[in-house]
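I have placed the structure first, in the form of structure tokens, so that the comments after it can refer back to it.
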Number of protein chains: 2
Amino acid sequence: MERLTSKQLATWRALLDTTNDLRRALGAQLQESGLSPNDYQVLLALKEAEGKQLRSSELAARIDWERSRLSHHLGRMERRGLIRRHDCATDSRGAVVALTDEGAHVFRRATPPHTRAIKKHFADALTPRQFEALDDILRTLGRHGAS
Amino acid sequence: MERLTSKQLATWRALLDTTNDLRRALGAQLQESGLSPNDYQVLLALKEAEGKQLRSSELAARIDWERSRLSHHLGRMERRGLIRRHDCATDSRGAVVALTDEGAHVFRRATPPHTRAIKKHFADALTPRQFEALDDILRTLGRHGAS
DNA sequence: ATATCAATATTGACATGTCAATCAGGGAGG
DNA sequence: CCTCCCTGATTGACATGTCAATATTGATAT
């Protein structure tokens, strides 16, 4: 196999830098709604779940977090009234995480400006052809990493 | 302007997820050399600097970190013997950050496996055509964000 | 039944990041 | 020379992430 070229390395660094900048911009916008990107990810997963609630480990799996990280974060979100945890009916070890009305409300209020920010900083920059190419690249990387 | 389509949103989420996975994989590999991705970034910037040393704020600017974050991290790296700070000759407020022999050695030892990991997880997955497309996309996003 | 092992969730200790002070030293205008 | 303000860098308090226990329950085999 050939070695990694400096051009490939530059592309890699550009990918890290660019996605960093995007995360930062989107995070700063979300903060105006009083949410961190992590908060939003948790609320989104709950919103998209059947019955607006999930077992704790199922939630961790969907957003791909370590369970202890989720546990700490849920503790903080619970203190803020965004979610609540109660015991699971079918497994007494388990916890079920649910949106509170407050959490659902904050999420609804945060989503339109957040979506606009994604459009502004990301989607508006790219042509349809570039979107196709990016989809293809991400699918390829995903398959490559999964295997 | 039209709204963000769900396909665009899916691409955005895929971009976040994929780069997350890549960061994780590369970070795990680096850890085998006893370095975090942040450590590596700092050492790399110093290695690439003229004279293997940089003013603290210049370093912060090059890797795009907040100054206080860098200050904390340099404290930890200094305790580990990877870098050292001394006073600046031309500005008595300033600090100059330099690689130690130990730091340079650890960096040299960590780089080949790290480069191989970038190749394995990233570069090997993509065709030359995909690289061209990705470069184009990243340049476009960079210009878009800068303005 | 019960002994054993796996899974669920949390906790505590510690590493790292952010934000708002703080402190010391430059540098321009009086 | 001396205010006044700006910059360079650090610090401390606190938010968040990781890792290694822990406690509790479920599931399985005998």
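Here the structure is a predicted model, which is why all the values come from computation and not from measurement. First the proteins, then the strands, lettered A, B, ... as listed; each starts at 1.
- Checking the phosphate oxygens (OP1, OP2) of D:dG8, no side-chain nitrogen or oxygen of B:Arg55 falls inside 4.0 Å.
- Within residues 22-52 of chain B, the residues having any heavy atom closer than 4.0 Å to DNA chain C are, in order of number, B:Asn38.
- Between B:Arg93 and D:dT10, a side-chain N or O to OP1/OP2 separation shorter than 4.0 Å is absent.
- Take B:Arg85 and apply the side chain to side chain contact (heavy atoms under 4.5 Å, CB included) test, not counting sequence neighbours, and it matches B:Ser71, B:Leu74, B:Glu78, B:Ile83, B:Val97.
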Taking distance alone, no hydrogens or angles, what donor-acceptor pairs closer than 3.5 Å link side-chain atoms of residues 98-105 of chain A to residues at least two apart or in another chain?
from: A:Thr100; atom 1: OG1; to: A:Gly81; atom 2: O; distance (Å): 2.6
from: A:Thr100; atom 1: OG1; to: A:Leu82; atom 2: O; distance (Å): 3.0
from: A:Thr100; atom 1: OG1; to: A:Gly103; atom 2: N; distance (Å): 2.8

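- For DNA chain C, the neighbouring residues in residues 59-75 of chain A, judged by any heavy atom under 4.0 Å, are A:Arg67, A:Ser68, A:Ser71, A:His72.
- Residues passing the side chain to side chain contact (heavy atoms under 4.5 Å, CB included) test with A:Ala14, sequence neighbours excluded: B:Leu138.
- In this structure, A:Arg76 reaches the D:dT16 phosphate: one of its side-chain N or O atoms is under 4.0 Å from OP1 or OP2.
- Atom-to-atom, NE2 of B:His86 to C1' of D:dT10 comes out at 17 Å; the value is rounded to the nearest Å.
- Sorted by first and then second residue, the ring pair (Phe, Tyr, Trp, His ring centres under 6.0 Å) pairs involving residues 19-42 of chain B (not counting sequence neighbours) are B:Tyr40-B:Phe107, B:Tyr40-B:His114.
- Counting to the nearest Å, the C1' atom of C:dA15 and the CZ atom of B:Arg80 are 11 Å from each other.
- The nearest whole Å value for the distance from the CD1 atom in A:Ile83 to the C1' atom in C:dT10 is 13 Å.
- In this structure, the CD atom of B:Glu58 is 11 Å from the P atom of D:dG8, given to the nearest Å.
- Between A:Asp87 atom CG and C:dT8 atom C1' there is a gap of 12 Å when expressed in whole angstrom units.
- Across the protein-nucleic acid pair, A:Asn20 atom CG and C:dT18 atom C1' stand 15 Å apart, rounded to whole Å.
- Between A:Ala45 and A:Leu54, the shortest heavy-atom contact is O-CD1, 4.0 Å.
- For B:Asp91, the side-chain hydrogen bond (donor to acceptor under 3.5 Å, both in side chains) partners two or more places apart in sequence, or in a different chain, are B:Arg93.
- Taking the salt bridge (charged side-chain N to carboxylate O under 4.0 Å, His left out) definition, one finds that A:Arg76 meets it with nothing, sequence neighbours left out.
- Across all non-hydrogen atoms, the minimal contact from A:Gly34 to A:Arg80 is O-NH1, 3.5 Å.
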Contacts table for residues 21-33 of chain B: side-chain donor-acceptor under 3.5 angstrom, sequence neighbours left out:
from: B:Arg23; atom 1: NH2; to: A:Leu16; atom 2: O; distance (Å): 3.3
from: B:Arg23; atom 1: NH2; to: A:Thr19; atom 2: OG1; distance (Å): 2.8
from: B:Arg24; atom 1: NH1; to: A:Asp64; atom 2: OD1; distance (Å): 3.4
from: B:Arg24; atom 1: NH1; to: A:Asp64; atom 2: OD2; distance (Å): 3.0
from: B:Arg24; atom 1: NH2; to: A:Asp64; atom 2: OD2; distance (Å): 3.0

